[in-house]
A.B. asks: 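One structure, pasted below without further comment.
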Amino acid sequence: MRSIDLIVVHCSATRCNQRYSVMQLIRDHADRFGFTGYHYYITRDGNVTQTRHEQLIGAHAKGYNSRSLGVCYEGGLDKEGTAADTRTIKQKRALLALLKRLKREHPQAQILGHRDLPNVHKACPCFDAKTEYQDL
Ligand SMILES: [Zn+2]
């Protein structure tokens, strides 16, 4: 068993008015990494798909993959392509429920956003995940 002490929240960095389905994600990551880098993916309709076994190391947080889980929501850019919290109500609900469950299963894990890791120079996940989920 690998031990998980970080749960890293991401966005797909796609526009809120464009669909980015789980199949597209799987295809794009297969091209880039040979497997899906995130462990969970939440589409705009609030559907949660496990895209990688938790015991398998992902590809989503450089330098932290071996000890973390990656959770990604569809979106993160507004219609103009600017970083924005585009989570739908259904996505927020699904993300909260998923993080609660993951925190229960990995009590020692800290939940944070991709941008909260050192040396990350992007806005991902485009909201303050660390603060929003600090009490889970
Ligand atoms: Zn990210």
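As the structure lists them, so they are numbered: ligands from 1, and atoms in each ligand from 1.
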A.B. asks: The Zn ion (ligand 1) and H114: any N/O/S contact shorter than 2.8 Å?
C.D. replies: yes
A.B. asks: Just say parallel, tilted or perpendicular for the rings of Y41 and Y20, cut-offs at 30° and 60°.
C.D. replies: perpendicular
A.B. asks: On the 0 to 90° scale, with breaks at 30° and 60°, tag the H29-F33 ring pair as parallel, tilted or perpendicular.
C.D. replies: perpendicular
A.B. asks: Look at C72 and state whether any of its N, O or S atoms is less than 2.8 Å from the Zn ion (ligand 1).
C.D. replies: no
A.B. asks: Is the NZ or CZ atom of R52 both under 6.0 Å from the centre of the six-membered ring of F35 and within 45° of that ring's axis?
C.D. replies: yes
A.B. asks: Got an N, O or S from C124 under 2.8 Å of the Zn ion (ligand 1)?
C.D. replies: yes
A.B. asks: Provide the atom name of the closest N, O or S atom of H10 relative to the Zn ion (ligand 1).
C.D. replies: ND1
A.B. asks: In terms of relative ring orientation, are Y133 and F127 parallel, tilted or perpendicular, with 30° and 60° separating the classes?
C.D. replies: perpendicular
